[in-house]
Student: 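The structure under discussion is supplied below as structure tokens; questions concerning it will follow.
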Amino acid sequence: MTELAAVKTALKTQAVETPSWAYGNSGTRFKVFAQPGVPRNPREKLDDAAQVHAFTGAAPTVALHIPWDKVDDYGALAKYAQERGLKLGAINSNTFQDDDYRLGSICHPDAAVRRKALGHLLECVDIMDATGSKDLKLWFADGTNYPGQDDIRERQDRLAEGLAQVYERLGNDQRMLLEYKFFEPAFYMTDVPDWGTAYAHCLKLGPKAQVVVDTGHHAPGTNIEFIVATLLREGKLGAFDFNSRFYADDDLMVGAADPFQLFRIMYEVIRGGGFTPDVAFMLDQCHNIEAKIPAIIRSVMNVQEATAKALLVDGAALADAQRTGDVLAANAVIMDAYNTDVRPLLGEVREELGLDADPVSAYRRSGWGEKIAAERVGGRQAGWGA
């Protein structure tokens, strides 16, 4: 197999999980802008996700958020997804929207609140059993706003105790994916603020606990690819939440702010043996002003382009330059791959899969956007909290 053929073969295996909430209305602290045709329930979200997969061939799973995607029969929802060529992916918990969680959830000083949060997390594992999902994704807004507000060490003890109880409930083929965020909504101290804290808890829990890297959850200037390389080396990288940031947790389309960073991350994924189903590539974005479905299609394409460039890095030439200390030659290998226009290559890959070379244009010609705008009238549109 030629090198180019091997790259195309690898690209055909790539899968990017889309989040159910990205199909609903979203916004900022100031305003949520509603759009025509936005889904009103989880099934309509899956209908839209099926369109993304149909035009990209690379988005076969959809992450759910509980209780935003709560239904009476999760087995029936999984069957509905299957009928549309999809599977249900990670189950995302929500321990940040109830009034009880003002001072935290599983780190809360009140044991009754901690029990409530734990009950929700265990409910999410029950949902995993019903849907066949293997990943429980945890992000905690827990933290404090002022020095002395609560005991930092005791909060870590509470966190460890709660995580351990959830871990024990997991099945043999299920995982806990622990996400981190260095600030917001807690501004003095966040209980899981960085990859080191997440890694420490996962290491203590065991092999079924791994770390999620959200590309927007880092301080400016953070070398995210170093984090990726280290977690892969330790066997603790479980998933990505792909998005893009200019300033903080902007949740913009992946690759929008710094496509070179996305390329560097994907190179380390490939270099470290992470280009496998064991590392989930998920989107976690808020499409506040742009049309939802074409934005998600474009995001999947951005991940594909960064991956294609990373696959084109000449590993032998790079290793030789690194061994001989040729700094400029080593950097040139990386830059040659990054500066390659891979759009024609990806167009060929899509056509070989029986797809249109340009997914966004193909979607717009399909008329799906106009169809759902006309049909989805009345009812309550899905969005934050619904």
Side-chain angles (χ1 to χ4, degrees), residues 15-26 32 34-54 59-101 105 116-139 166 169-171 173-177 179 239 241 280 282-287 292-293 296 368 371-373 375-386:
V16 179
E17 184 162 302
T18 68
S20 68
W21 55 96
Y23 297 96
N25 288 322
S26 60
V32 173
Q35 296 184 18
V38 163
R40 296 162 296 182
N41 55 62
R43 292 193 173 206
E44 290 183 348
K45 293 177 183 179
L46 292 173
D47 291 339
D48 288 354
Q51 295 298 306
V52 174
H53 184 46
T61 59
V62 182
L64 300 185
H65 205 296
I66 307 301
W68 299 350
D69 294 315
K70 197 160 189 172
V71 295
D72 292 332
D73 189 335
Y74 289 100
L77 187 65
K79 182 179 179 182
Y80 188 87
Q82 186 178 22
E83 290 168 350
R84 279 142 191 81
L86 302 170
K87 290 184 179 180
L88 298 181
I91 303 300
N92 291 253
S93 62
N94 182 324
T95 55
F96 53 84
Q97 285 199 316
D98 290 3
D99 287 343
D100 286 341
Y101 299 142
S105 61
K116 174 183 175 177
L118 177 62
H120 169 68
L121 300 181
L122 295 176
E123 176 195 13
C124 288
V125 183
D126 292 340
I127 294 170
M128 293 169 66
D129 292 340
T131 60
S133 303
K134 73 171 186 175
D135 290 339
L136 172 67
K137 190 142 74 67
L138 305 178
W139 172 73
V166 178
R169 169 64 182 81
L170 294 173
D173 61 343
Q174 294 174 336
R175 302 188 299 177
M176 172 190 294
L177 301 178
E179 189 175 349
D241 272 0
M282 298 183 277
L283 302 180
D284 184 10
Q285 304 175 166
C286 291
H287 304 289
K292 313 293 181 181
I293 299 174
I296 297 171
W368 181 261
K371 178 179 183 293
I372 58 177
E375 293 179 353
R376 295 176 184 172
V377 178
R380 182 186 180 190
Q381 290 186 328
W384 287 358

Student: With no hydrogens and no angle check, is any side-chain donor or acceptor of Ser105 less than 3.5 Å from a backbone partner on Tyr101?
Tutor: no
Student: Under the rule for side chain to side chain contact (heavy atoms under 4.5 Å, CB included), what residues qualify as partners of Gln82, not counting sequence neighbours?
Tutor: none
Student: With rounding to the nearest 0.5 angstrom, report the CG to CG distance, Asp69 to Asn92.
Tutor: 9.0 Å
Student: Going by side chain to side chain donor-acceptor pair (under 3.5 Å), name the residues that satisfy it together with Lys371, two or more places apart in sequence or in a different chain.
Tutor: Glu375
Student: Provide the full list of salt bridge (charged side-chain N to carboxylate O under 4.0 Å, His left out) pairs with a residue in residues 83-96, sequence neighbours left out, each pair given once.
Tutor: Asp47-Arg84
Student: Kindly write out the residues that satisfy side chain to side chain contact (heavy atoms under 4.5 Å, CB included) with Ala373, not counting sequence neighbours, or none if the list is empty.
Tutor: Pro36
Student: Within the 4.5 Å heavy-atom criterion, are Asn41 and Val71 side-chain neighbours or not?
Tutor: no
Student: According to side chain to side chain contact (heavy atoms under 4.5 Å, CB included), who are the partners of Pro39, at least two apart in sequence or on a separate chain?
Tutor: Tyr23, Glu44, Lys45, Asp48, Arg376
Student: Quick one: list whatever passes side chain to side chain donor-acceptor pair (under 3.5 Å) with Gln285, sequence neighbours left out.
Tutor: His287, Ser299
Student: Any chance you could measure Thr95, atom OG1, to Ile66, atom CD1, to the nearest 0.5 Å?
Tutor: 13.0 Å
Student: In Å and rounded to the nearest 0.5 Å, what is the CG to CG distance from Leu122 to Leu170?
Tutor: 9.5 Å
Student: Only counting residues at least two apart or in another chain, list the ones meeting side chain to side chain contact (heavy atoms under 4.5 Å, CB included) with Val38.
Tutor: Asn25, Gln35, Lys292, Gln381
Student: Rounded to the nearest 0.5 Å, how far apart are CD1 of Ile91 and CG of Leu64?
Tutor: 4.5 Å
Student: When rounded to the nearest 0.5 angstrom, what distance separates CG in Leu88 from NZ in Lys79?
Tutor: 14.0 Å
Student: Under the salt bridge (charged side-chain N to carboxylate O under 4.0 Å, His left out) rule, collect the residues that match up with Asp284, sequence neighbours excluded.
Tutor: none
Student: Side chains of Lys137 and Asp241: closer than 4.5 Å at any heavy-atom pair?
Tutor: yes
Student: Restricting to pairs with a member in residues 117-135, which pass salt bridge (charged side-chain N to carboxylate O under 4.0 Å, His left out), not counting sequence neighbours?
Tutor: Lys70-Glu123, Asp126-Arg169, Asp129-Arg169, Asp135-Arg175
Student: Could you tell me which residues satisfy side chain to side chain donor-acceptor pair (under 3.5 Å) with Ser93, sequence neighbours excluded, listed by chain and number?
Tutor: none
